[in-house]
Amino acid sequence: MFCFHHAGGQGTAFLGWQKRLGARAEVIPVRLPPPEDVSAETADGSGMSMTLVVASLDHELGPMLRRPFLFYGHSMGALVAYHLTRLRQSRGRPLPERLLIGAYPAPHLPHRLAHCTHLPDEDLLALLPPHPAGHSRLLRQAPGLATATAARLRLHLGLCDSAAPAAPNPAQHTGHGSPQGRSEPLRCPVDVFTGISDPLVTDAEAAAWRHHTRAGCRIHRIPGGHFFTRETPESRAAFFDRLCTVLAGPSEWAVGASGPLPVTVAS
(Lines give C-alpha, C1' and ligand atoms only; values in the text may rest on other atoms or scores of the structure.)
Protein backbone atom coordinates (compact mmCIF):
# COMPACT_ATOMS: atom_id res chain seq x y z
CA MET A 1 0.00 0.00 0.00
CA PHE A 2 1.63 3.21 -1.22
CA CYS A 3 0.81 6.13 1.08
CA PHE A 4 0.80 9.80 0.05
CA HIS A 5 1.01 12.39 2.81
CA HIS A 6 -0.91 15.61 3.51
CA ALA A 7 0.14 19.14 2.50
CA GLY A 8 3.05 20.40 4.56
CA GLY A 9 3.75 16.89 5.79
CA GLN A 10 6.23 14.09 5.12
CA GLY A 11 6.29 10.32 4.95
CA THR A 12 6.61 10.21 8.74
CA ALA A 13 2.85 10.78 8.81
CA PHE A 14 2.54 7.01 8.35
CA LEU A 15 4.76 5.93 11.23
CA GLY A 16 3.16 3.06 13.11
CA TRP A 17 0.89 2.01 10.24
CA GLN A 18 2.79 -1.19 9.51
CA LYS A 19 2.40 -2.35 13.11
CA ARG A 20 -1.33 -1.59 12.98
CA LEU A 21 -1.91 -3.41 9.68
CA GLY A 22 0.47 -6.32 10.19
CA ALA A 23 0.50 -8.75 7.29
CA ARG A 24 -2.60 -7.24 5.66
CA ALA A 25 -0.50 -4.85 3.59
CA GLU A 26 3.06 -3.63 3.24
CA VAL A 27 3.04 0.10 4.01
CA ILE A 28 5.26 2.15 1.68
CA PRO A 29 5.29 5.92 2.38
CA VAL A 30 5.87 7.94 -0.78
CA ARG A 31 8.13 10.96 -0.46
CA LEU A 32 6.55 13.85 -2.33
CA PRO A 33 8.41 16.96 -3.44
CA PRO A 34 9.77 19.41 -2.44
CA PRO A 35 12.92 18.27 -0.62
CA GLU A 36 12.82 18.59 3.15
CA ASP A 37 15.28 21.49 3.10
CA VAL A 38 13.13 23.72 0.88
CA SER A 39 13.65 27.38 1.71
CA ALA A 40 11.12 30.15 2.03
CA GLU A 41 12.76 31.96 -0.88
CA THR A 42 11.85 29.16 -3.29
CA ALA A 43 8.44 28.37 -1.82
CA ASP A 44 6.13 30.62 -3.81
CA GLY A 45 3.73 27.83 -4.73
CA SER A 46 4.59 27.96 -8.45
CA GLY A 47 7.49 25.53 -8.59
CA MET A 48 5.55 22.31 -9.18
CA SER A 49 2.64 21.08 -11.25
CA MET A 50 0.43 18.05 -10.68
CA THR A 51 1.08 16.86 -14.23
CA LEU A 52 4.84 16.77 -13.72
CA VAL A 53 4.68 15.31 -10.22
CA VAL A 54 2.44 12.37 -11.12
CA ALA A 55 4.44 11.66 -14.28
CA SER A 56 7.59 11.51 -12.17
CA LEU A 57 5.88 9.28 -9.60
CA ASP A 58 4.63 6.93 -12.29
CA HIS A 59 8.18 6.60 -13.61
CA GLU A 60 9.74 6.08 -10.18
CA LEU A 61 7.10 3.75 -8.75
CA GLY A 62 6.33 1.91 -11.99
CA PRO A 63 8.60 -1.09 -11.38
CA MET A 64 6.90 -1.66 -8.00
CA LEU A 65 3.38 -1.47 -9.46
CA ARG A 66 3.47 -4.75 -11.37
CA ARG A 67 2.00 -6.79 -8.54
CA PRO A 68 -1.31 -6.06 -6.74
CA PHE A 69 -1.16 -2.74 -4.89
CA LEU A 70 -3.24 -0.06 -3.20
CA PHE A 71 -2.97 3.73 -3.01
CA TYR A 72 -3.87 5.64 0.15
CA GLY A 73 -3.69 9.42 0.07
CA HIS A 74 -4.49 11.76 2.94
CA SER A 75 -5.67 15.32 2.17
CA MET A 76 -3.33 16.62 -0.57
CA GLY A 77 -1.98 13.09 -0.89
CA ALA A 78 -5.46 11.92 -1.89
CA LEU A 79 -5.46 14.29 -4.86
CA VAL A 80 -1.98 13.13 -5.88
CA ALA A 81 -3.00 9.45 -5.62
CA TYR A 82 -6.13 10.14 -7.67
CA HIS A 83 -4.27 11.91 -10.48
CA LEU A 84 -1.60 9.22 -10.51
CA THR A 85 -4.33 6.60 -10.88
CA ARG A 86 -5.91 8.55 -13.73
CA LEU A 87 -2.57 8.86 -15.49
CA ARG A 88 -1.94 5.13 -15.22
CA GLN A 89 -5.42 4.39 -16.53
CA SER A 90 -4.87 6.67 -19.53
CA ARG A 91 -1.60 4.82 -20.26
CA GLY A 92 -3.19 1.39 -19.97
CA ARG A 93 -1.13 0.45 -16.92
CA PRO A 94 -2.22 -1.59 -13.88
CA LEU A 95 -4.42 0.30 -11.44
CA PRO A 96 -4.61 -0.01 -7.67
CA GLU A 97 -6.96 -2.71 -6.46
CA ARG A 98 -8.61 0.08 -4.50
CA LEU A 99 -7.99 3.82 -4.34
CA LEU A 100 -8.22 4.84 -0.68
CA ILE A 101 -9.02 8.51 -0.14
CA GLY A 102 -8.64 10.30 3.19
CA ALA A 103 -9.88 13.78 4.13
CA TYR A 104 -10.27 15.36 0.71
CA PRO A 105 -13.29 16.55 -1.31
CA ALA A 106 -14.10 15.02 -4.70
CA PRO A 107 -11.66 16.36 -7.33
CA HIS A 108 -14.22 18.39 -9.26
CA LEU A 109 -14.84 20.47 -6.12
CA PRO A 110 -12.57 23.22 -4.73
CA HIS A 111 -10.72 22.48 -1.52
CA ARG A 112 -10.94 24.86 1.43
CA LEU A 113 -7.35 26.13 1.10
CA ALA A 114 -7.47 26.75 -2.66
CA HIS A 115 -5.56 29.81 -3.92
CA CYS A 116 -4.14 30.70 -0.50
CA THR A 117 -0.45 30.47 -1.41
CA HIS A 118 -0.12 34.28 -1.52
CA LEU A 119 -0.95 34.68 2.16
CA PRO A 120 1.77 35.60 4.70
CA ASP A 121 3.13 32.68 6.70
CA GLU A 122 1.17 33.50 9.84
CA ASP A 123 -2.15 33.81 8.00
CA LEU A 124 -1.52 30.66 5.98
CA LEU A 125 -0.72 28.55 9.03
CA ALA A 126 -3.75 29.94 10.86
CA LEU A 127 -6.00 28.28 8.27
CA LEU A 128 -4.84 24.80 9.23
CA PRO A 129 -7.04 22.59 11.40
CA PRO A 130 -5.66 21.46 14.77
CA HIS A 131 -2.84 18.94 14.39
CA PRO A 132 -2.67 15.92 16.72
CA ALA A 133 1.06 16.39 17.29
CA GLY A 134 0.50 19.84 18.76
CA HIS A 135 2.17 21.58 15.84
CA SER A 136 0.25 24.81 16.37
CA ARG A 137 1.89 25.31 19.76
CA LEU A 138 5.31 24.30 18.46
CA LEU A 139 5.06 26.68 15.52
CA ARG A 140 4.26 29.57 17.84
CA GLN A 141 7.30 28.77 19.96
CA ALA A 142 9.73 28.15 17.09
CA PRO A 143 9.62 30.84 14.35
CA GLY A 144 12.20 28.98 12.25
CA LEU A 145 10.05 25.85 12.22
CA ALA A 146 7.01 27.94 11.31
CA THR A 147 8.85 29.44 8.32
CA ALA A 148 9.94 26.03 7.04
CA THR A 149 6.49 24.53 7.56
CA ALA A 150 4.81 27.41 5.74
CA ALA A 151 7.28 26.99 2.86
CA ARG A 152 6.39 23.33 2.39
CA LEU A 153 2.69 24.01 2.85
CA ARG A 154 2.76 26.80 0.27
CA LEU A 155 4.41 24.56 -2.33
CA HIS A 156 2.02 21.70 -1.64
CA LEU A 157 -1.05 23.94 -1.87
CA GLY A 158 0.33 25.29 -5.13
CA LEU A 159 0.55 21.71 -6.35
CA CYS A 160 -3.14 21.20 -5.56
CA ASP A 161 -4.04 24.47 -7.30
CA SER A 162 -2.18 23.31 -10.42
CA ALA A 163 -4.33 20.19 -10.86
CA ALA A 164 -6.69 20.30 -13.81
CA PRO A 165 -10.33 20.22 -12.67
CA ALA A 166 -11.69 16.69 -12.95
CA ALA A 167 -15.27 16.77 -14.23
CA PRO A 168 -17.48 13.97 -12.83
CA ASN A 169 -18.03 12.71 -16.38
CA PRO A 170 -17.10 13.93 -19.90
CA ALA A 171 -20.47 15.61 -20.43
CA GLN A 172 -19.84 17.83 -17.40
CA HIS A 173 -16.35 18.94 -18.41
CA THR A 174 -16.08 22.67 -17.97
CA GLY A 175 -13.38 23.28 -20.55
CA HIS A 176 -10.79 24.28 -17.94
CA GLY A 177 -7.38 22.68 -17.76
CA SER A 178 -5.87 19.99 -19.94
CA PRO A 179 -7.59 17.16 -21.85
CA GLN A 180 -6.89 15.04 -18.78
CA GLY A 181 -9.91 16.79 -17.24
CA ARG A 182 -12.10 14.88 -19.71
CA SER A 183 -10.92 11.45 -18.56
CA GLU A 184 -13.47 8.72 -18.02
CA PRO A 185 -14.27 7.58 -14.48
CA LEU A 186 -11.78 5.29 -12.81
CA ARG A 187 -12.04 1.56 -13.40
CA CYS A 188 -11.02 0.73 -9.82
CA PRO A 189 -13.12 0.95 -6.63
CA VAL A 190 -12.78 3.97 -4.36
CA ASP A 191 -13.06 4.03 -0.57
CA VAL A 192 -13.38 7.46 1.04
CA PHE A 193 -12.53 8.04 4.71
CA THR A 194 -13.84 11.31 6.11
CA GLY A 195 -13.75 12.82 9.58
CA ILE A 196 -17.18 13.49 11.03
CA SER A 197 -15.98 16.86 12.40
CA ASP A 198 -13.47 17.72 9.65
CA PRO A 199 -13.73 21.49 9.00
CA LEU A 200 -12.20 21.09 5.53
CA VAL A 201 -14.45 18.38 4.06
CA THR A 202 -18.24 18.04 4.30
CA ASP A 203 -20.11 14.75 4.03
CA ALA A 204 -21.50 15.82 0.65
CA GLU A 205 -18.04 16.67 -0.67
CA ALA A 206 -16.73 13.28 0.41
CA ALA A 207 -19.73 11.43 -1.05
CA ALA A 208 -19.21 13.17 -4.41
CA TRP A 209 -16.23 10.87 -5.06
CA ARG A 210 -18.82 8.36 -6.28
CA HIS A 211 -18.97 10.31 -9.54
CA HIS A 212 -15.34 9.49 -10.32
CA THR A 213 -15.43 5.71 -10.46
CA ARG A 214 -17.48 3.12 -12.29
CA ALA A 215 -16.31 0.30 -9.99
CA GLY A 216 -18.06 1.28 -6.74
CA CYS A 217 -17.47 3.85 -4.02
CA ARG A 218 -17.94 3.58 -0.29
CA ILE A 219 -17.90 6.36 2.28
CA HIS A 220 -16.51 5.71 5.77
CA ARG A 221 -17.33 8.37 8.38
CA ILE A 222 -14.69 8.33 11.09
CA PRO A 223 -15.04 10.11 14.45
CA GLY A 224 -12.60 13.00 14.50
CA GLY A 225 -11.44 15.89 12.37
CA HIS A 226 -9.04 16.33 9.47
CA PHE A 227 -6.28 14.21 11.01
CA PHE A 228 -8.52 11.38 12.18
CA THR A 229 -5.80 8.80 11.45
CA ARG A 230 -3.91 9.94 14.58
CA GLU A 231 -6.09 12.52 16.31
CA THR A 232 -7.39 10.57 19.30
CA PRO A 233 -7.28 6.93 20.42
CA GLU A 234 -10.94 6.65 19.38
CA SER A 235 -10.44 8.07 15.90
CA ARG A 236 -7.28 6.00 15.32
CA ALA A 237 -9.02 2.80 16.40
CA ALA A 238 -12.08 3.51 14.24
CA PHE A 239 -9.96 4.32 11.19
CA PHE A 240 -7.72 1.28 11.42
CA ASP A 241 -10.64 -1.04 12.21
CA ARG A 242 -12.39 0.16 9.08
CA LEU A 243 -9.20 0.08 6.98
CA CYS A 244 -8.50 -3.49 8.07
CA THR A 245 -12.02 -4.45 7.00
CA VAL A 246 -11.49 -2.86 3.60
CA LEU A 247 -8.19 -4.69 3.21
CA ALA A 248 -9.86 -7.99 4.05
CA GLY A 249 -10.80 -8.44 0.41
CA PRO A 250 -13.23 -7.48 -2.34
CA SER A 251 -15.63 -10.32 -1.56
CA GLU A 252 -16.66 -8.47 1.57
CA TRP A 253 -17.35 -5.32 -0.45
CA ALA A 254 -19.22 -6.54 -3.50
CA VAL A 255 -21.35 -3.78 -5.05
CA GLY A 256 -24.89 -4.74 -5.99
CA ALA A 257 -26.82 -3.71 -9.08
CA SER A 258 -28.34 -0.78 -7.22
CA GLY A 259 -24.90 0.74 -6.66
CA PRO A 260 -22.60 1.12 -3.67
CA LEU A 261 -23.96 1.95 -0.26
CA PRO A 262 -22.27 4.29 2.21
CA VAL A 263 -20.61 2.73 5.23
CA THR A 264 -20.81 4.68 8.47
CA VAL A 265 -18.55 4.36 11.49
CA ALA A 266 -20.49 5.69 14.44
CA SER A 267 -18.85 8.26 16.68
Side-chain angles (χ1 to χ4, degrees), residues 1-4 6 24-25 50 54 68-90 93-112 160 163-173 180-196 198 200-224 226 228-229 238-267:
M1 183 170 71
F2 295 86
C3 298
F4 303 81
H6 60 278
R24 296 178 183 86
M50 186 65 73
V54 297
F69 65 94
L70 303 161
F71 285 159
Y72 175 85
H74 196 86
S75 198
M76 172 199 71
L79 189 63
V80 174
Y82 166 72
H83 279 281
L84 177 55
T85 303
R86 287 179 62 194
L87 177 63
R88 292 185 63 80
Q89 178 167 294
S90 71
R93 295 176 178 170
L95 302 182
E97 291 193 333
R98 307 192 78 85
L99 174 60
L100 309 176
I101 298 295
Y104 203 82
H108 63 285
L109 302 173
H111 63 91
R112 293 289 188 277
C160 294
N169 60 60
Q172 291 176 285
H173 178 60
Q180 189 180 5
R182 297 190 292 272
S183 295
E184 64 180 56
L186 297 178
R187 295 193 292 273
C188 64
V190 176
D191 281 89
V192 183
F193 300 85
T194 184
I196 292 175
D198 188 345
L200 300 184
V201 186
T202 67
D203 285 350
E205 290 169 338
W209 276 97
R210 69 184 184 276
H211 298 299
H212 296 272
T213 176
R214 60 181 56 184
C217 177
R218 287 190 175 11
I219 312 301
H220 310 273
R221 299 179 68 242
I222 309 297
H226 194 66
F228 53 78
T229 61
F239 169 71
F240 282 106
D241 284 351
R242 180 52 56 184
L243 180 57
C244 288
T245 302
V246 171
L247 296 179
S251 61
E252 200 168 328
W253 297 93
V255 177
S258 61
L261 297 175
V263 175
T264 300
V265 178
S267 58

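Here the NE2 atom belonging to His111 is positioned 7.5 Å from the CG atom belonging to Leu79, to the nearest 0.5 angstrom. Between the CZ atom of Arg218 and the OG1 atom of Thr245 there is a distance of 12.0 Å, given to the nearest 0.5 Å.
Heavy-atom minimum distance, Ala215 versus Cys188: CB-C, 3.4 Å. Across all their heavy atoms, Ile222 and Arg242 have their closest contact at CD1-CB, 4.4 Å. Across all non-hydrogen atoms, the minimal contact from Pro110 to Pro105 is O-CG, 4.1 Å. Taking each heavy atom of Ala81 and Leu99 in turn, the nearest pair found is CB-CD1, 3.9 Å. Considering all non-hydrogen atoms of both residues, Pro189 and Thr213 come closest at CA-OG1, 4.2 Å. Shown here for Ile219 and Ala206, the closest heavy-atom pair between the two residues is CD1-O, 3.6 Å.
Arg98 has a carboxylate O that lies under 4.0 Å from a charged side-chain N of Asp191, or vice versa, which qualifies the two as a salt bridge.
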query: Hey, mind stepping through His6 and Met76 against side-chain contact (heavy atoms from CB on, under 4.5 Å) and telling me if it holds?
result: CA-CA 5 Å; His6 60 278; Met76 172 199 71; 5.5 Å; no
message: Assess the residue pair Val192 and Cys217 against the criterion (side-chain contact (heavy atoms from CB on, under 4.5 Å)); give the C-alpha distance rounded to whole Å, side-chain angles, the decisive distance to 0.1 Å, and a yes or no.
response: CA-CA 7 Å; Val192 183; Cys217 177; 4.0 Å; yes
message: What verdict does the side-chain contact (heavy atoms from CB on, under 4.5 Å) test give for Asp203 and Arg221, after you've listed the backbone C-alpha separation in whole Å, the side-chain angles of each residue and the deciding distance to 0.1 Å?
response: CA-CA 8 Å; Asp203 285 350; Arg221 299 179 68 242; 3.2 Å; yes
field: CA sep, side-chain torsions, deciding dist, call: Leu186, Leu95, side-chain contact (heavy atoms from CB on, under 4.5 Å)
entry: CA-CA 9 Å; Leu186 297 178; Leu95 302 182; 5.7 Å; no
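With sequence neighbours left out, Phe2 forms a ring pair (Phe, Tyr, Trp, His ring centres under 6.0 Å) with no residue at all. Considering only residues two or more places apart in sequence or on other chains, Pro94 meets the side chain to side chain contact (heavy atoms under 4.5 Å, CB included) condition with Phe69, Arg88. Remark: Arg24 pairs with Cys244, Leu247 by the side chain to side chain contact (heavy atoms under 4.5 Å, CB included) rule, at least two apart or across chains. For Asp241, there are no salt bridge (Lys or Arg N to Asp or Glu O under 4.0 Å) partners at least two apart in sequence or on another chain. Partners of Thr229 by side chain to side chain donor-acceptor pair (under 3.5 Å), not counting sequence neighbours: none found. For His226, the side chain to side chain donor-acceptor pair (under 3.5 Å) criterion is met by Ser75, Asp198, not counting sequence neighbours. With sequence neighbours excluded, the residues that form a side chain to side chain contact (heavy atoms under 4.5 Å, CB included) with Ala106 are His108, Leu109, Ala208, Trp209, His212. Arg187 meets the salt bridge (Lys or Arg N to Asp or Glu O under 4.0 Å) test with Glu184; sequence neighbours excluded.
Considering only heavy atoms from C-beta on, Leu100 comes within 4.5 Å of Val246 through its side chain.
With Ser90 contributing its side chain and Leu87 its backbone, the two residues share a donor-acceptor pair below 3.5 Å.
Under the 6.0 Å cut-off for aromatic ring centres, Phe193 and Phe239 qualify, their centroids lying closer than that. When ring centroids are compared, Phe228 and His74 come within the 6.0 Å threshold.
Of the options Phe71, Tyr82, Tyr72, a ring pair (Phe, Tyr, Trp, His ring centres under 6.0 Å) to Phe4 is made by Phe71 and by none of the others.
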